[in-house]
2 protein chains.
Amino acid sequence: MTARDERRAALASRLDALEQVTAALAHATRRQILMTVHFWGGQMTAGEIAARFDHAWPTITRHLGVLVRAGLLGCEKVGRTRVYAVRKERLEVLRDWLDWFEPKKG
Amino acid sequence: MTARDERRAALASRLDALEQVTAALAHATRRQILMTVHFWGGQMTAGEIAARFDHAWPTITRHLGVLVRAGLLGCEKVGRTRVYAVRKERLEVLRDWLDWFEPKKG
DNA sequence: ACAACGTTTAGCGAATTGGCTAAATGATGG
DNA sequence: CCATCATTTAGCCAATTCGCTAAACGTTGT
């Protein structure tokens, strides 16, 4: 309710975001999915993604779910396909954390 | 042996570094250990670190081991204590990965 | 030599993860 | 409608993770 509570809530959700993002990036396949979609042009259907990996499709679906829950991918239903899109901004939460270790310059 | 093989080996070891670093950072306690040591002045003994967390000491020892193996902490034996020091440079491997998603400027 | 200290190692158990196959869902085309 | 296509959901299993306690290890002070 108070401004103080709002700041507290914002911090908590940022911490949670960091938690999800780091967990999502902790698996090589998921990092590769992100790179694949990014370099393909930012968005791909589930099938296009799955076709590029040596895993059963449901395995990829699960990884996609982790990435979506982490906010690193968006997902839109288009007819009978689903289009996943990289949400680069979400990586900021990790960059910000890393910046604690860089003496802020400028 | 050839220059080509060397490049291949360098790439493999960078990939491995990324793997270890992302895995290490995927746990809140380990991220917090890194921050704690960093803001304390870059180095602390195992006991000083353990004292600041609500976990049994062996649990912290294990987290320290993960961080050391990831190259994010160095460890030096000093008498009967062990001094852990943050190796910030190691975070570069992750920053470099993140940079793939930033349109290279300049 | 011995006790105490700082720390790690060993080993257990519960929870989570990441792979799989088989079955379900929901949209499209004939 | 019925079959097919794109995809997810359910559920299983093996491996890993992360917490713990108890025991071991190497160093220091007496």
Side-chain angles (χ1 to χ4, degrees), chain A residues 15-37 40-86, chain B residues 15-37 40-86:
Chain A
L15 270 194
D16 192 61
L18 182 61
E19 181 70 33
Q20 312 250 99
V21 167
T22 52
L25 295 184
H27 197 285
T29 301
R30 285 190 297 259
R31 288 193 302 274
Q32 226 173 314
I33 288 174
L34 239 32
M35 294 278 273
T36 300
V37 178
W40 192 255
Q43 53 177 58
M44 290 171 81
T45 68
E48 289 171 333
I49 297 169
R52 278 165 183 75
F53 290 85
D54 276 344
H55 290 303
W57 194 333
T59 301
I60 298 300
T61 290
R62 179 142 57 183
H63 284 309
L64 291 173
V66 172
L67 289 165
V68 168
R69 260 169 272 125
L72 290 167
L73 283 183
C75 177
E76 194 193 352
K77 293 170 82 164
V78 176
R80 57 183 160 187
T81 74
R82 274 178 220 201
V83 178
Y84 289 89
V86 178
Chain B
L15 270 195
D16 192 61
L18 182 62
E19 182 70 33
Q20 312 250 96
V21 167
T22 51
L25 295 184
H27 197 285
T29 300
R30 285 191 296 260
R31 289 192 303 274
Q32 226 173 314
I33 288 175
L34 239 32
M35 293 278 272
T36 301
V37 178
W40 190 256
Q43 54 177 56
M44 290 171 81
T45 67
E48 288 171 333
I49 297 169
R52 277 167 183 74
F53 289 84
D54 277 344
H55 290 303
W57 194 331
T59 301
I60 298 300
T61 290
R62 180 144 51 182
H63 283 310
L64 291 173
V66 172
L67 289 165
V68 167
R69 260 169 272 125
L72 290 167
L73 282 183
C75 176
E76 196 194 352
K77 294 170 81 163
V78 176
R80 57 182 158 186
T81 74
R82 273 178 220 201
V83 178
Y84 288 89
V86 179

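Every chain is numbered from 1 and lettered A, B, ... according to where its sequence line falls, protein lines coming before strand lines.
- Looking at heavy atoms from C-beta onward, B:H27 lies out of side-chain contact with B:V66 at the 4.5 angstrom threshold.
- Among the protein residues, A:T59 comes within range of the nucleic acid bases, having at least one heavy atom under 4.0 Å from a base atom.
- To the nearest 0.5 Å, the span separating CG on B:L64 from CE on B:M44 amounts to 10.0 Å.
- A distance of 13.5 Å separates CZ of B:R82 from CG of B:L73, quoted to the nearest 0.5 Å.
- Residue contacts for B:Y84: at a heavy-atom cut-off of 4.0 Å it reaches the sugar-phosphate backbone alone, with no base atom in range.
- Place A:H55 and A:R82 on DNA chain C by their nearest nucleotides, and A:H55 ends up nearer the 5' end.
- The closest side-chain heavy-atom distance from B:W40 to B:I49 is not below 4.5 Å.
- Here the range on DNA chain C touched by chain B, meaning any atom under 4.0 Å from one of its heavy atoms, is C:dA4 to C:dT9.
- Considering only heavy atoms from C-beta on, A:E19 comes within 4.5 Å of B:R31 through its side chain.
- Atoms NE2 and NE2, on A:H63 and A:H55 in that order, are 5.5 Å from each other to the nearest 0.5 Å.
- Within the nucleic acid shown, A:A56 comes within 4.0 Å of at least one base atom, counting heavy atoms only.
- Running 5' to 3' along DNA chain D, contacts with non-hydrogen atoms of chain A at under 4.0 Å begin and end at D:dT4 to D:dT9.
- Heavy atoms of A:T61 sit under 4.0 angstrom from at least one base atom.
- Side chain of A:Q20 to main chain of A:R69: a donor-acceptor pair is present (N/O by atom type, distance under 3.5 Å, no hydrogens or angles).
- Contact annotation: the side chain of A:Y84 never approaches that of A:V37 to less than 4.5 Å [non-hydrogen atoms, C-beta and beyond].
- Both B:V66 and B:W57 lie near DNA chain D, and the one whose nearest nucleotide falls closer to the 5' end is B:V66.
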